[in-house]
**Q** 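Take a look at the following structure, please.
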Amino acid sequence: MPRPTAAQLAYGSCTVIFSTLAMLLLSQTSSGLGVVVIALSALVLGLLVAMTVPVPKPATPTASVTLSEHRVPVQRETVAVAGASEPVRERA
C-alpha cells in the first residue's frame, strides 16, 4: 500500500477538523453520544476525501527513441562550392 502524500494528509486533516466544527455548531448537541457520532462521521469523511485526492502518476515516455536514430556520422562530407578553392566547413 503506497504512503499518503502531503496533499492527501492536508486535505483529510482539514476535512476532519472543519466538518467536526461545522456539525457540532449546526447540531448544537451536548450529549456524549452525539459528539462521538459526529466525530466518527467526520473521520470517515476525512478518510474519504484523503483517498479521493488525485495522486500524481510517474511520467512514462510516450515513444521509445532508439540511439541509432540520433547518431551523428563520424566524418562529415564537405561540399565544394563552384569557384571556391577551400572546402566549406559546417558548424558543429
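Computed from a prediction, not measured in an experiment: that's the story for all the values here.
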**Q** Can you name the nearest heavy-atom pair linking Val16 to Ala42, along with the distance?
**A** CG2-O, 3.5 Å
**Q** Please list every donor-acceptor pair under 3.5 Å in which a side-chain atom of residues 43-50 meets a protein atom from a residue at least two apart or in another chain.
**A**
none

**Q** Which heavy atom in Arg3 sits nearest to a heavy atom in Gln8, and how many Å separate them?
**A**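 Reported closest heavy-atom pair: O-OE1, 4.4 Å.
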**Q** If hydrophobic residues (ILVMFWY) are linked whenever their side-chain heavy atoms come closer than 4.5 Å, directly or via other members, who joins Ile38 in its cluster?
**A**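 Under the 4.5 Å side-chain rule, Ile38 groups with Met23, Leu24, Val35.
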